[in-house]
Protein chains: 2
Amino acid sequence: MNMSPLHQEFVLHFGEMGSRWGINRTVGQIYALLFLSADALNADQITEALGISRSNTSMGLKELQAWRLVRLKHVPGDRKDHFTTPDDLWEIVRILIEERKKREIDPTLTKLRTLEMQGPVGDDYSEARISELREMIEMMTGFYEDMARLETEQLVRLMTYGSRIAGVIEKVGGYLPSSKS
Amino acid sequence: MNMSPLHQEFVLHFGEMGSRWGINRTVGQIYALLFLSADALNADQITEALGISRSNTSMGLKELQAWRLVRLKHVPGDRKDHFTTPDDLWEIVRILIEERKKREIDPTLTKLRTLEMQGPVGDDYSEARISELREMIEMMTGFYEDMARLETEQLVRLMTYGSRIAGVIEKVGGYLPSSKS
DNA sequence: CTACAATTTCAGAAATTTCTGAAAACTCTG
DNA sequence: CAGAGTTTTCAGAAATTTCTGAAATTGTAG
């Protein structure tokens, strides 16, 4: 690996964390490498930097593209495909949340709705527990979708206020502007 | 497996989702089973219901306890340990977020801080990218910790208001009550 | 169309994770 | 403290995931 010590440590860390994040070591390393790279890299550069096989790089990039965490960028005069991560960290966070929601939450929400549709086929406790779970998930995803609509600017302000906002809600009570801004 | 069709489907689904959630199939199934069960179950009941080995049940329960998602409950007159999930879904969500933060975010935050402490050992772009990432993570975890301090009641109201809250912030501007309520 | 460059696919090898059964270690009870 | 009941540990088996090299496919320039 021909990388600065900084790159090296960062890349190895992302590789180790990969399995906890639901991606594999290589995918984590590729992402880390691109994240720290000022300009786009092609697959051969990644392969060489990480000391992995060319096919592994190909599969890793494919997965990262499926996650929308890595983008193709054409460099004029070079036939090879080049890859980058989005610059805007807020965008990355949004993508991460959306993709995780899609993979980790939506299938369960669908399943819960299906189970409820089947009518009362279980004991009362189970039925109630499932409804309650579905409602909770709907509330949280609804809130997320609402927040995702905000401009970054507003979002940062909201997050900076933190829990102080709760006090405001108490005060303002029902006199809030309507939902669709 | 001697479970109602409802339990069966729910348990199998959680088993399948397990790998996406960072737990294994068995752990997902054990959790699902306990989640739907009105009363606490002992390890043998779980073993029988899921058709797995007794030792696997033991390890699964241990992991779920490490996640704080399952609790030990002593049933008078029975020497066996019995297990349940917390009733309050909000509590479960809080625990889930905290534990995932601990496993998926905190180690990286620590690593980023360490890298920054080492002084300027990389190129400017990388250094900047790492600082930016650390700041973003700190902001988000700070916001979460702030929200976690709220009562469930307040949190629900906040989530129900959704993005309308952004408009309120605009209006109220700097005249918010101080952070410590 | 041909020849070469670049990328992807995929079967099997390698590595990792999960699961089991047997044994060890607790923990009550009499 | 003996012994039955219960839980945990752990080495190896089984299953799953990841990785590789070779072959197939796609893309491009002449």
Side-chain angles (χ1 to χ4, degrees), chain A residues 1 11-12 14-34 40-67 69-84 103-104, chain B residues 1 11-12 14-34 40-67 69-84 103-104:
Chain A
M1 282 202 232
V11 164
L12 291 179
F14 269 55
E16 284 167 21
M17 294 299 287
S19 55
R20 301 197 196 185
W21 296 337
I23 57 179
N24 64 41
R25 184 189 4 240
T26 315
V27 171
Q29 290 185 349
I30 294 175
Y31 183 76
L33 183 65
L34 293 175
L41 301 179
N42 67 43
D44 285 330
Q45 294 173 305
I46 296 168
T47 300
E48 202 216 333
L50 301 182
I52 58 179
S53 73
R54 179 63 183 74
S55 55
N56 200 1
T57 303
S58 179
M59 292 191 302
L61 285 169
K62 206 177 138 199
E63 181 166 355
L64 283 168
Q65 284 175 286
W67 273 89
L69 287 172
V70 152
R71 287 184 190 150
L72 212 108
K73 193 185 175 188
H74 281 288
V75 170
D78 192 338
R79 275 173 64 180
K80 291 192 166 107
D81 289 341
H82 289 242
F83 300 89
T84 28
R103 286 151 220 252
E104 302 181 6
Chain B
M1 282 202 231
V11 164
L12 290 179
F14 270 55
E16 284 166 21
M17 295 299 288
S19 55
R20 302 197 195 185
W21 296 337
I23 56 178
N24 65 40
R25 191 200 346 252
T26 315
V27 172
Q29 291 184 349
I30 294 174
Y31 183 76
L33 183 64
L34 292 175
L41 301 179
N42 67 43
D44 285 330
Q45 294 173 304
I46 296 168
T47 300
E48 202 216 333
L50 301 181
I52 59 179
S53 72
R54 179 64 183 75
S55 56
N56 200 2
T57 303
S58 179
M59 293 191 301
L61 285 169
K62 205 178 141 200
E63 182 168 355
L64 284 169
Q65 283 175 286
W67 274 88
L69 287 172
V70 152
R71 287 186 190 147
L72 209 105
K73 194 185 174 187
H74 281 289
V75 171
D78 192 339
R79 273 173 66 180
K80 292 192 167 108
D81 288 340
H82 289 241
F83 301 88
T84 28
R103 286 152 219 252
E104 302 181 7

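Letters A, B, ... mirror the listed sequences (proteins, then strands); counts begin at 1.
- The nearest whole Å value for the distance from the CD atom in A/E63 to the P atom in D/dT17 is 12 Å.
- Proximity of A/L33 to A/L50: side-chain heavy atoms (C-beta onward) are separated by under 4.5 Å at one or more points.
- Separating the CD1 atom of A/I46 from the P atom of C/dT7 is a distance of 10 Å, rounded to the nearest angstrom.
- For the pair A/R25 CZ and C/dT17 C1', the computed distance is 13 Å after rounding to whole Å.
- Here D/dG21 presents its C1' atom at 14 Å from CD1 of A/I52, a figure rounded to the nearest Å.
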Quiz item: Along nucleotides 2-12 of chain D, 5' to 3', which nucleotides get a B, which get an S, and which get a -, given that the test is a protein heavy-atom distance under 4.0 Å?
Solution: ---BSSBB---

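- When heavy atoms are screened at a 4.0 angstrom cut-off, A/N56 is found touching base atoms of the nucleic acid.
- Taking the C1' atoms of five terminal pairs at each end of the helix from C/dC1-D/dG30 to C/dG30-D/dC1, the two resulting helix axes are inclined by 30°, rounded to 10°.
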Going by atom type alone, with no hydrogens or angles, which donor-acceptor pairs under 3.5 Å involve a side-chain atom of residues 54-64 of chain B and a protein atom two or more places apart or on another chain?
| from | atom 1 | to | atom 2 | distance (Å) |
| --- | --- | --- | --- | --- |
| B/R54 | NE | B/D44 | OD1 | 3.4 |
| B/S55 | OG | B/S53 | OG | 3.3 |
| B/N56 | ND2 | B/T26 | OG1 | 3.4 |
| B/T57 | OG1 | B/T47 | OG1 | 2.8 |
| B/T57 | OG1 | B/S53 | O | 3.2 |

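- B/L72 is listed as a side-chain neighbour of B/F83, based on a closest heavy-atom distance under 4.5 Å.
- In this structure, B/K80 NZ and B/L41 CG are separated by 12.0 Å, a value rounded to the nearest 0.5 Å.
- Straight-line distance from the NE2 atom of A/H74 to the P atom of C/dA6: 14 Å, rounded to whole Å.
- Ring centroids of B/W67 and B/Y31 are separated by 6.0 Å or more, keeping the two rings apart.
- Spacing between atom CD of B/E16 and atom C1' of D/dA15 amounts to 16 Å, rounded to whole angstrom units.
- Within the 4.5 Å cutoff, no side-chain heavy atoms of B/N42 are placed close to those of B/D81.
- Contact detail for A/G28 and A/F14: the closest heavy-atom pair is O-CB, 3.5 Å.
- Residue-level contact check: B/T26 touches the backbone only, with heavy atoms under 4.0 Å from sugar-phosphate atoms and none from bases.
- Of all nucleotides listed (D/dG21, C/dT20, C/dC19), C/dC19 comes nearest to the side chain of B/N24.
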